[in-house]
Amino acid sequence: MGTIAAGFVALVLVLGALLTSELGRYGTSDSPSDTQGTALGVPAPTPGAPDDTPPSADPAAPAAPAAPGGTPDDARPSASPKPSETPAAPAGDATNRAVLTALNKSLDELGCDDVAYSATLQKASKTHLASMIRTGYLKLVGPGDSDPGTRARAAGYRRNVLEAIVLGAETPAEAARVGFTKAGDTTVRTQSSGALKCGYRSAGAAMALDSRNVPITVIFLGK
């Protein structure tokens with residue numbers, strides 16, 4: 001009996017030693033996840049270590065700043081060309097082309113914007129010029145008390161206007177230079193309903209010879 005008991009005790013001691021050695025392989029942590037991870041052969045994640053797969057971009061996050069220097073020149077949209085603000089008179093209309101050039105030079109000297117050609121104001125000029133040559137008067141107020149505004153509206157222009165009548169100017173450019181001023185001499189006579197100033201945007205003119213072959217020029221300026 002003593003021998004059996006001694007053998008049993010020895011067996012218990014041997015089994016205990018083997019169990020202690022096997023447990024030593026798993027470390028001393030009491031955490032189930034630590035023990036389980038090691039036992040499955042999958043390394044436990046290291047706290048703070050980045051994941052191998054980068055997170056998807058947060059749609060609410062601000063966009064990354066552009067590279068220094070902004071958008072490359074070749075990627076910038078080209079600026080739209082500025083539309084012409086002073087369309088020229090028709091190619092064959094030397095009178096209105098010369099008048100526009102002279103008027104806009106004077107306006108530039110005053111610091112004003114240029115005026116553009118208006119076929120409607122040219123029509124008003126031609127109508128009044130024809131009336132004066134036909135009836136022999138040379139006035140801003142015509143038969144029936146028509147004035148510059150009345151004549152402009154009759155031609156289809158609804159905004160405020162100035163009118164100049166120039167007798168004796170040899171060229172349309174000369175007529176435009178003196179038409180809206182008080183300047184005058186023995187050869188050139190002018191009448192105007194106002195002085196040249198900023199705020200006008202359109203112009204139209206007509207020129208012809210009267211019965212004595214003296215040139216008459218009529219110029220309308222419109223707001």
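For the disulfide (SG to SG under 2.5 Å) condition, no pair includes a residue of residues 123-152, sequence neighbours left out. Sorted by first and then second residue, the disulfide (SG to SG under 2.5 Å) pairs involving residues 116-181 (not counting sequence neighbours) form an empty list. Among pairs with a residue in residues 212-223, none fulfils side-chain hydrogen bond (donor to acceptor under 3.5 Å, both in side chains), at least two apart in sequence or across chains. Applying the ring-ring contact (aromatic ring centres under 6.0 Å, His included) test to residues at least two apart or on different chains, none of the pairs has a partner in residues 196-218. Residue pairs meeting the disulfide (SG to SG under 2.5 Å) criterion with at least one partner in residues 105-179, sequence neighbours excluded, are Cys112-Cys198. The stretch residues 133-149 participates, sequence neighbours left out, in these side-chain hydrogen bond (donor to acceptor under 3.5 Å, both in side chains) pairs: His128-Tyr137, Ser131-Tyr137, Ser146-Arg151, Asp147-Thr150.
At least one donor-acceptor pair closer than 3.5 Å links the side chain of Arg97 to the backbone N or O of Pro90. In this structure a side-chain-to-backbone donor-acceptor pair under 3.5 Å is present from Asn104 to Leu100. Not one N or O on the side chain of Arg189 forms a donor-acceptor pair closer than 3.5 Å with the backbone of Leu167.
Evaluation of the side chain to side chain contact (heavy atoms under 4.5 Å, CB included) rule for Ala206 yields Ser125, Lys126, Leu129 as partners, not counting sequence neighbours. In terms of the side chain to side chain contact (heavy atoms under 4.5 Å, CB included) criterion, residue partners of Ala124 (sequence neighbours excluded) are, by chain and number, Ala155, Phe220. Under the side chain to side chain contact (heavy atoms under 4.5 Å, CB included) criterion, Ser193 pairs with Leu140, Pro148, Leu162, Glu163, not counting sequence neighbours. Under the side chain to side chain contact (heavy atoms under 4.5 Å, CB included) criterion, Thr171 pairs with Ala173, Glu174, not counting sequence neighbours.
Residues Ile219 and Leu103 form a side-chain contact, since some pair of their non-hydrogen atoms from C-beta on lies under 4.5 Å apart. Looking only at side-chain heavy atoms (C-beta outward), Thr190 and Thr181 stay at 4.5 Å or farther from each other. With contacts defined as side-chain heavy-atom distances shorter than 4.5 Å, the pair Val161/Leu221 does not qualify. Contact of the Val214 side chain with the Leu209 side chain is not registered, since no non-hydrogen atoms from C-beta on lie closer than 4.5 Å.
Here Ile165 contributes atom CD1 and Ile216 contributes atom CD1; the two are 8.5 Å apart, rounded to the nearest 0.5 Å.
Arg159 forms a cation-pi arrangement with Tyr157, by the criterion of a distance under 6.0 Å to the ring centre and an angle within 45° of the ring axis.
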